[in-house]
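The basis for the numbers below is simple: all heavy atoms, side chains too, and nothing from hydrogens, waters or symmetry mates. This chain uses plain numbering: 1 for the first residue, then up along the sequence.
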Amino acid sequence: NGVITMTNTTTLTVEACHFVQNSVYEGAMNLNQHATLTVAHSVFTGNQAALQGGAISISGAQSVTLTDNQFEQNTATGSEATGGAVTLIGAKNAVLSTRNNVFTNNTANITGGAMDITVASWAAENDQYTSNGAQRTSAVNLGSSDPAVNAVAVLTGCTFTNNRAENGMGALSVGSGISAYITGGSFVGNWAANAGAALYSTYAALLNVSGVNFQSTTAGSGAAMLIVNTTNVTLTTTTFTANEASTQGAGLAFFNVQNA
């Protein structure tokens with residue numbers, strides 16, 4: 001498996017390390033039932049996983065913190081592969097914190113070109129996602145498989161630029177039961193063949209978008225935002241410029257949305 005493989009470990013801190021061109025089944029760092037992980041000032045380049053998480057694959061963690069790292073050209077290649085750079089399947093009530101990370105040119109065969117996150121809350125600040133790609137959700141796929149989790153995503157000042165989804169579901173996808181707060185930052189130049197190039201939400205509990213710039217996104221419908229079966233949608237001081245849809249909703253497309 002990974003360059004670092006650990007199971008049932010309490011704490012791991014990785015700082016100022018380089019992981020380059022490792023080929024593994026899941027994750028150059030592969031951690032299972034791991035309580036706390038901190039990765040800082042490290043570089044992950046050209047790592048490849050067959051299953052998930054080309055750079056980092058984590059299952060069962062309680063707390064994961066990623067700060068000031070670079071993830072470039074990592075990939076998850078299998079037929080059902082997710083999380084080109086990072087896959088996190090958290091324990092119940094797990095928390096992922098990311099700050100000042102740069103994700104560039106990472107790819108996954110199915111979802112989450114940069115990151116695929118399941119059953120975890122996420123706090124992100126000033127992360128950059130550029131030129132990542134997948135069939136669905138080109139940059140970050142955020143989903144909760146447990147309705148009792150009530151996961152919360154808080155993104156501040158994050159940028160999503162030139163990410164490409166061959167089918168759709170956004171550069172950022174917010175999944176079932178999640179309450180998402182997106183403040184500042186931008187979605188620029190993202191592309192999807194079908195629907196939702198920038199931000200996609202389905203069955204989310206809440207979506208609050210404030211002070212975000214959506215610009216030059218392209219999709220079949222809902223180029224900037226495609227919101228489906230989502231309750232409590234709020235948009236404030238948000239800008240939509242030069243977005244393009246071939247069918248409907250160059251800026252926004254809402255389907256079965258309550259309390260917008």
Side-chain angles (χ1 to χ4, degrees), residues 52 54 75-87 103-118 129-145 153 155 158-178 180 182 185-205 207 209 212-231 233 235 238-258 260:
Q52 60 187 25
T75 184
T77 60
S79 61
E80 300 297 323
T82 62
V86 177
T87 293
F103 293 82
T104 308
N105 290 320
N106 303 284
T107 60
N109 194 38
I110 300 298
T111 63
M115 292 203 300
D116 191 86
I117 306 165
T118 305
Y129 301 89
T130 304
S131 300
N132 303 285
Q135 290 294 320
R136 304 190 302 270
T137 310
S138 56
V140 180
N141 182 55
L142 181 60
S144 175
S145 60
L155 283 68
C158 295
T159 61
F160 296 79
T161 308
N162 295 336
N163 301 286
R164 184 181 180 92
E166 297 301 327
N167 288 326
M169 296 177 65
L172 171 64
S173 177
V174 180
S176 175
I178 297 167
I182 304 169
S186 62
F187 293 79
V188 177
N190 299 287
W191 180 92
N194 292 325
L199 175 60
Y200 175 81
S201 171
T202 178
Y203 292 100
L207 181 64
V209 179
V212 178
N213 176 35
F214 292 87
Q215 182 176 341
S216 302
T217 61
T218 304
S221 63
M225 296 177 62
L226 177 62
I227 312 301
V228 181
N229 296 319
T230 296
T231 305
V233 177
L235 308 178
T238 291
T239 303
F240 298 87
T241 306
N243 302 289
E244 182 178 350
S246 58
T247 57
Q248 58 186 347
L252 303 94
F254 286 5
F255 298 95
N256 195 24
V257 172
Q258 301 178 21

Output all residues satisfying ring-ring contact (aromatic ring centres under 6.0 Å, His included) with Phe240, sequence neighbours left out; order by chain, then residue number. Phe214

Beyond-backbone contact of Leu199 with Val209, side-chain heavy atoms, under 4.5 angstrom: yes

Test log, rule side-chain contact (heavy atoms from CB on, under 4.5 Å), inputs Leu142 and Thr137: CA-CA 9 Å; Leu142 181 60; Thr137 310; over 6 Å; no

Side chain to side chain donor-acceptor pair (under 3.5 Å) partners of Arg136, counting only residues at least two apart: none

Search all heavy atoms of Asn243 against all heavy atoms of Gln215 and return the closest pair with its distance. OD1-C, 3.5 Å

Could you pull out the closest heavy-atom pair between Ala198 and Thr217, with the gap in Å? CB-CG2, 3.9 Å

So which atom in Gly222 and which in Ala253 form the shortest heavy-atom distance, rounded to 0.1 Å? CA-CB, 3.7 Å

Do Val188 and Thr159 come within less than 4.5 Å of each other through their side chains, counting heavy atoms only? no

Checking Glu166 now: which residues fulfil salt bridge (Lys or Arg N to Asp or Glu O under 4.0 Å) with it, not counting sequence neighbours? Arg164

Of the non-hydrogen atoms in Ala245 and Ser221, which two are nearest, and what is the gap between them? CB-CA, 4.1 Å

Rounded to the nearest 0.5 angstrom, the OG1-CG distance for Thr202 and Leu226 is 8.5 Å

Where Thr238 and Val212 come nearest, the two heavy atoms and their spacing: CG2-O, 3.1 Å

Rounded to the nearest 0.5 Å, what separation is found between the CG atom of Asn167 and the OG atom of Ser138? 11.5 Å

Excluding sequence neighbours, so at least two apart, what forms side chain to side chain contact (heavy atoms under 4.5 Å, CB included) with Ala139? Tyr129, Phe160, Asn163, Ala171

Can you check side-chain contact (heavy atoms from CB on, under 4.5 Å) on Leu155 and Leu172, steps first, answer last? CA-CA 11 Å; Leu155 283 68; Leu172 171 64; 3.8 Å; yes

Keeping to residues at least two apart or across chains, list the salt bridge (charged side-chain N to carboxylate O under 4.0 Å, His left out) pairs with something in residues 187-199. none

Value for CG (Asn141) from OG (Ser173), rounded to nearest 0.5 Å, stands at 5.0 Å

Tell me, with the steps shown, if Ile117 and Val140 meet side-chain contact (heavy atoms from CB on, under 4.5 Å). CA-CA 8 Å; Ile117 306 165; Val140 180; 4.1 Å; yes

Report all side-chain donor-acceptor pairs from residues 106-113 shorter than 3.5 Å, counting only partners two or more places apart or in another chain.
from   : atom 1 : to     : atom 2 : distance (Å)
Asn106 : OD1    : Gln73  : N      : 3.4
Asn106 : OD1    : Asn74  : N      : 2.9
Asn106 : OD1    : Asn74  : ND2    : 3.0
Asn106 : ND2    : Phe71  : O      : 3.1
Asn106 : ND2    : Thr104 : O      : 3.4
Asn106 : ND2    : Asn132 : OD1    : 3.1
Thr107 : OG1    : Thr75  : OG1    : 3.0
Asn109 : ND2    : Gly78  : O      : 3.0
Asn109 : ND2    : Ser79  : O      : 3.3
Thr111 : OG1    : Asp116 : OD1    : 2.9

Taking all atoms of both residues into account, what is the closest heavy-atom pair of Gly170 and Tyr200, and its distance? N-CB, 3.9 Å

